[in-house]
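Worth saying up front: this structure is predicted, and the values here are computed from it rather than measured.
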Amino acid sequence: MPLYDYDYLKKAVYDLTKIDLNAYKEKQMKRRIDTLIAKNKIQGYDKYVAALKSDKQLFDEFVNYLTINVSEFYRNPEQWEIMDKTVFPELIQKFGKNLKIWSAACSTGDEPYSLVMALSRHLPLNQIKIYATDIDKQVIEKAKQGLYAEKSVASVPADLKKKYFTKVGPSYQISNEIKSRVEFKTHNLLKDTYPSRCDLIVCRNVLIYFTEEAKDEVFRKYYDCLKPGGVLFIGSTEQIVNYKEINYVRKSSFFYEKPL
């Protein structure tokens, strides 16, 4: 076995970033990393690790590449329709107007900002607070800037787009009144403590990259940090196969509830 194999890289990456590559599907992740190393014309994992330690730009590129950021506003609009017509009204009825909402693995902010806009149809903006986290500092910085390509905002309802976005060249800038309702922090789903007593957790199209064991661990932790009656909203590419075993009740395809 070569001295600097993929196991060596996994340990080095964990020491540098606290990102545990063992939790990701190995074949898929190794291919992504090998592609990036080749793109930078570096020979071997040992030289790449040395370069990550000495070159901040390379390090930032690596973390950004590793944390797979594909996001858009109101992704799968039909699911946001369920949120608007059913989930939000039920949560407000159960828990009142000060809902505790966590957008986990929030990427560039599209999802938490979508949550604020969608919830603004039900509550005044000053009563809305979204707690948004991601492992990647770079995407959080991008989220705080709130500047998006036209493709990202394509599914935003027309009235909300008109109200809360300003066109800046080919891009769209989200308004400060929406930005001010979201608190961003870095957070590692596989390592850090989860917030407690959440009314709603939104985590979509992220866990597809995790191993089955890591997925199961995260879904169980989400269950523990939901209030009884709270809801988990997952992505259209995901399902919780063993949701009954964890004790979730399936409300509809992508909404799971912790029973009262």
Rounded distance [0.5 Å steps], [atom1] in [X] versus [atom2] in [Y]:
X: Arg31; Y: Lys25; atom1: CZ; atom2: NZ; result: 11.0 Å
X: Arg181; Y: Ile128; atom1: CZ; atom2: CD1; result: 7.5 Å
X: Glu150; Y: Tyr172; atom1: CD; atom2: OH; result: 4.5 Å
X: Leu52; Y: Ile37; atom1: CG; atom2: CD1; result: 8.0 Å
X: Arg75; Y: Arg204; atom1: CZ; atom2: CZ; result: 7.0 Å
X: Leu260; Y: Lys94; atom1: CG; atom2: NZ; result: 5.5 Å

Nearest atoms (heavy-atom pairs only) where [X] meets [Y]:
X: Lys215; Y: Phe210; result: CE-O, 3.5 Å
X: Leu190; Y: Ala23; result: CD1-CB, 3.2 Å
X: Leu189; Y: Val218; result: O-CG2, 4.3 Å
X: Ser107; Y: Ala143; result: O-CB, 4.1 Å
X: His187; Y: Thr193; result: NE2-O, 3.0 Å
X: Lys179; Y: Gln145; result: NZ-O, 3.2 Å

Do the non-hydrogen side-chain atoms of [X] and [Y] ever get within less than 4.5 Å of each other?
X: Val13; Y: Tyr48; answer: no
X: Leu21; Y: Ile33; answer: yes
X: Leu16; Y: Phe59; answer: yes

Tell me the side chain to side chain donor-acceptor pair (under 3.5 Å) pairs involving residues 229-253, sequence neighbours left out?
Asn76-Ser236, Glu90-Lys251, Asn205-Thr237, Asp216-Asn242, Arg220-Glu245
Side chain to side chain donor-acceptor pair (under 3.5 Å) pairs, two or more places apart, involving residues 222-232
Asp199-Lys227
Salt bridge (charged side-chain N to carboxylate O under 4.0 Å, His left out) partners of [X], counting only residues at least two apart:
X: Lys85; answer: Glu81
X: Lys11; answer: Asp15
X: Lys30; answer: Asp34

In the single-linkage hydrophobic clustering (I, L, V, M, F, W, Y; side-chain heavy atoms under 4.5 Å), do Tyr256 and Ile208 co-cluster?
yes
If the condition is ring pair (Phe, Tyr, Trp, His ring centres under 6.0 Å), which residues does [X] pass it with, not counting sequence neighbours?
X: Phe184; value: Tyr113
X: Phe254; value: none
X: Tyr148; value: Phe73

Between Val87 and Phe233, does the side chain to side chain contact (heavy atoms under 4.5 Å, CB included) criterion hold? Intermediate values first, please.
CA-CA 10 Å; Val87 178; Phe233 178 23; over 6 Å; no
Should Leu160 and Tyr74 be marked as a side chain to side chain contact (heavy atoms under 4.5 Å, CB included) after you check the CA-CA gap, both sets of side-chain angles, and the distance that decides it?
CA-CA 11 Å; Leu160 295 176; Tyr74 280 80; 3.2 Å; yes
May I ask you to decide whether Glu217 forms a salt bridge with Lys221, counting only side-chain N to carboxylate O separations under 4.0 Å?
yes
Tell me if the CD atom of Glu78 is crowded by more than 12 foreign heavy atoms within 6.0 Å.
yes
Connected-component partners of Leu147 among ILVMFWY, side-chain separation under 4.5 Å:
Val168
Run the side chain to side chain contact (heavy atoms under 4.5 Å, CB included) test against Lys191 and tell me which residues pass, sequence neighbours left out.
Tyr14, Lys18, Asn188
Extract all donor-acceptor atom pairs below 3.5 Å that involve side chains of residues 116-124 and protein atoms in other chains or at least two apart in sequence.
unit_1: Ser120; atom_1: OG; unit_2: Met117; atom_2: O; d: 2.5
unit_1: Arg121; atom_1: NH1; unit_2: Asp159; atom_2: OD2; d: 2.8
unit_1: Arg121; atom_1: NH2; unit_2: Asp159; atom_2: OD1; d: 3.0
unit_1: Arg121; atom_1: NH2; unit_2: Asp159; atom_2: OD2; d: 3.4
unit_1: His122; atom_1: NE2; unit_2: Asp84; atom_2: O; d: 3.2
unit_1: His122; atom_1: NE2; unit_2: Asp84; atom_2: OD1; d: 2.7

Run the side chain to side chain contact (heavy atoms under 4.5 Å, CB included) check on Ile234 and Phe219 step by step: do they pass?
CA-CA 10 Å; Ile234 64 171; Phe219 285 137; 4.0 Å; yes
Using atom types as modelled, flag every donor-acceptor pair under 3.5 Å from a side chain in residues 95-105 to any protein atom, sequence neighbours excluded.
unit_1: Lys100; atom_1: NZ; unit_2: Ser196; atom_2: O; d: 2.6
unit_1: Trp102; atom_1: NE1; unit_2: Thr133; atom_2: OG1; d: 2.9

Given Glu212 and Val241, is the side chain to side chain contact (heavy atoms under 4.5 Å, CB included) satisfied, shown in steps?
CA-CA 10 Å; Glu212 293 307 314; Val241 181; 5.5 Å; no
Okay, side chain of Arg197, backbone of Leu226: is any donor-acceptor separation there less than 3.5 Å?
no
